[in-house]
Every structure is written in structure tokens, then in C-alpha cells.
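See structure below.
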There are 2 protein chains.
Amino acid sequence: MTQTHKRRADARTNRDRILAVARDVLAIDPAASLHSIAKAAGVGQGTLYRHFPTRESLVLGIYRDSIDELVSLAPSLLDAFKPLEAFRRWSERFVDYGRKKHGVADMLRAAMTDQDFRETYWPMVDAVRLLMDACADAGEISKPIDAEDFLQLLALLTQLPPTAEGTARSERLLELAFHGLERSEDH
Amino acid sequence: MTQTHKRRADARTNRDRILAVARDVLAIDPAASLHSIAKAAGVGQGTLYRHFPTRESLVLGIYRDSIDELVSLAPSLLDAFKPLEAFRRWSERFVDYGRKKHGVADMLRAAMTDQDFRETYWPMVDAVRLLMDACADAGEISKPIDAEDFLQLLALLTQLPPTAEGTARSERLLELAFHGLERSEDH
DNA sequence: ACCTGAACACCGTTCAAGT
DNA sequence: ACCTGAACACCGTTCAAGT
């Protein structure tokens, strides 16, 4: 039993080191091979595979904490700002974050279909719905659209190149989307 | 000279056969390897590479005709419909086409940076600008946004999964974008 | 000129062998 | 239980050899 415990501790240490190393390596080269990550972490390829069977699951492991933060940011923003402003800030934060941290977009795409990812995906959809419903209740948007639709749009914007031009473009397109959400004046 | 001519004819035949085969193979498996395409076309890998140094350039070769059609469709639609309706129809056509024919999205991304692709990219930007300006002149949208921005948005929508759900989602998001473009009522 | 296809470096993935 | 790392099938790319 102590042996089992010891083994488990080893496994956990490995997992943590893989995550720490992968975060750094992928920050430098987003397309770094899983071989190179395993080597940099000082583990065999099989060990990396045991813990993270796909590249997406590795990225998910790296950014899970940040994603939780992002989700919990939604109610905080609603406390501090008017709903539409909160929604806008949250969306900007999301896209900014997603573009800087490579692989988040692919992870979101996987979340659409892969059962393992939905536990991370749903809270994000809920965050969007929370923000959008608040805007609707306050009368700041005409009618809320599907929360998944909007989250997917944010995920797509994340895929624009991380250049200055790409960043500016995603900001403008986000502006367009919000303009589309805003209440149309009934005349 | 006749020899040179004969050679050139061979090269052209090869090129055409590669394109015809690649079109079929990629329709069945969008991720088909270049090896398998070369083999299916009955040419060496080097020959495929000579004609199409990247996967994107191969996709571009396959769909260049269709892209030209799409570009020339813009003025035709403007003749037949009111500008906003024309713009909407063109956009739907674009997204529909891009999602069905895999690889078009990657090609468009390459077009953003790669010099070789810009000759195909610019006419599409021009088509978007033509449609959007017509809408603005007719007073159907408040003010035109950057044509490249909008084209990139269309390209992103193309990346949604080619399922019934993905198709419906891209339609709804396109609707959102157009709602954002439409003239805000000045009150 | 143009084509062929073996060869190269590399990728994700597996699995027998160790502890 | 968990880890290692050689091995496998495959990828895009190159290039000496042919015609």
C-alpha cells in the first residue's frame, strides 16, 4: 500500500513536470513534437502518452487553471460593470488569451465533439450564457443568440495570426459581432 | 524544339492528371497524404512536388476555377438582386463552398501571408468590397467595414465542422455578422 | 527538361521489457 | 502500477539517376 502510494506520487510528479515543461516548450514553439516534450521533461514517450493521450489533452492540462479563471471571471465582471461592458471585456479577454496561448483553439474544437473535453467546455458556454442573458435582461441587446454559437465565434477569432494585424482584425470583427448583438432601435 | 514542345506537353498532362486525381482523392479523404495522391496519379513524388510545392498550392490548383467563378458571381448577383441581398447570397455561397471543399480555409490563411497566393486572394477581397460598397451606396448598411476583415471572417466560418450542426451554426453566425453590418437606425 | 522512386529526417503511437 | 525507449508505420521533402 505504501508502495502503491509511492508509485502514485511518482506518477503525479511526472505529470506535473510534463505540464510545467510542456508549457514552456510550447510557448517557444507551438508546434513542438511530443517526442521533444517527453525528452525535455525527462520521461519516456509512453509516459507522456499515458498521461496525455492527445495533444489537445496536454494543452487542456496546461490551461485548465486559466480556463477556470476565465469562467469565474464572468460573474466578477458583471459585478463591476454594466452587463454589455462586462460581456465585451470578457470576450476580448478570451480572444486575447486564446491567441497568445497556442492550441487553445484546437482544444475548443475538440471540445465540440470529444466527450472528455465537454466538462471544460460546458462551464465556458455557461459563462457566455450568463453574460449574454444579463445583457438581455438589462435591455442592452435585442435578443440573446445561442451561447455555443457565440463561444465558437470567439474560438474562431482566436485562430487569426498572432501578429499586430491579426490582433487588430480580431478586435474589429469582435466589434462587428457586438454591433450585431446590440438592440436594434425599434422605430 | 519539337522535343521541348513534347516535353512540355507531358508536363502539362501530368499536371492535369494530378489535379483531376487530387480532386477526387481529397474529396474522399481531405487528409490524404501527398504520397498517396502521387501514387494514385501515377507519378513520382518529385513530380507532384515540382508542380505543387505545398499542399495549399495543390488545393489552389484544384479550386482556382471555382474561385474565379465565385469572384465573377459578385457582379452578376448585384445585377439580379438588391445589394444587401446580393452580398448575403454571395457570402452564403462562399461559406457553403468553403466548407464542402476541404482545404480552402487553409489556402485562404496561406493567402494572407504567402506572396504566391495573393493573386488569387486580392480578386476575392475586391469582390467583397464591390458588394459591400454597393450596399453602402444603397444605404442598406451603415458603413462598410474593411473588406479583408469580412473575407477573413467568412474564411473562419468555413472551418466549422461540415456537420448539419456546423452548417446551421455558420448560417446563424453569418446572420449575426450581417445584422452588425446593417444600418443602425438613427433616432 | 522533366520524371522516377529510393532515401532521409521526422512525426505520432505501440508495446515488450524492466522496476 | 508505472516507466522506458526501441520499433513501427507514416509523413513531407530531397536528390541522384534515368529518359
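Just so it is clear: chains get the letters A, B, ... in the order the sequence lines come, proteins before strands, and each one is counted from 1.
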Side-chain donor/acceptor of B/Glu140 to backbone N/O of B/Leu84, under 3.5 Å: yes
Whole-Å distance separating the CZ atom of B/Arg17 from the C1' atom of C/dT4: 13 Å
Report the C-alpha distance between A/Arg99 and A/Asp96 in whole Å, list the side-chain angles of each, state the deciding distance to 0.1 Å, and finish with yes or no for side-chain contact (heavy atoms from CB on, under 4.5 Å). CA-CA 5 Å; A/Arg99 194 185 7 258; A/Asp96 250 39; 4.0 Å; yes
Interatomic distance, A/Lys39 NZ vs C/dG12 P [rounded to whole Å]: 15 Å
Would you kindly give the CZ-to-C1' distance between B/Arg15 and C/dC3, to the nearest whole Å? 16 Å
Any A/Asn14 side-chain nitrogen or oxygen under 4.0 Å from OP1 or OP2 of D/dC3: yes
Whole-Å distance separating the CG atom of B/Leu34 from the C1' atom of C/dG5: 15 Å
A/His35 or B/Thr47, whichever maps to the more 5' nucleotide of DNA chain C: B/Thr47
Would a distance-only check, ignoring hydrogens and angles, find a side-chain to backbone donor-acceptor pair under 3.5 Å from B/Ser36 to B/Ala32? no
Donor-acceptor under 3.5 Å (A/Trp90 side chain, A/Pro75 main chain): no
Round to the nearest Å and state the distance from B/Asp106 atom CG to D/dG12 atom P. 13 Å
Considering only heavy side-chain atoms of A/Gln45, the closest of C/dG12, C/dT14, D/dC2 is C/dT14
Secondary-structure stems, DNA chain C, at least 3 Watson-Crick or G-U base pairs under 3.5 Å: C:4-8 with D:12-16, C:12-16 with D:4-8
Quick check: does any side chain N or O of A/Thr47 sit under 3.5 Å from a backbone N or O of A/Val43, one acting as donor and the other as acceptor? no
Quick one: are the ring centres of A/Phe150 and A/Phe87 less than 6.0 Å apart? yes
N-O pairing of A/Arg169 and A/Glu165 below 4.0 Å: yes
Taking CD1 from B/Ile37 and P from D/dG12, how many angstroms apart are they, rounded to a whole number? 8 Å
Between A/Arg50 (CZ) and D/dT4 (C1'), how many Å, whole number? 11 Å
Would you say B/His51 reaches C/dC2's phosphate, i.e. side-chain N/O to OP1/OP2 under 4.0 Å? no
Value in whole Å for how far the P atom of D/dC2 lies from CG of A/Leu48: 16 Å
Using only side-chain N and O atoms of B/Ser33, determine if any of them is under 4.0 Å from OP1 or OP2 of D/dC10. no
5' precedence on DNA chain D between B/Gly46 and B/Arg55 (nearest-nucleotide basis): B/Arg55
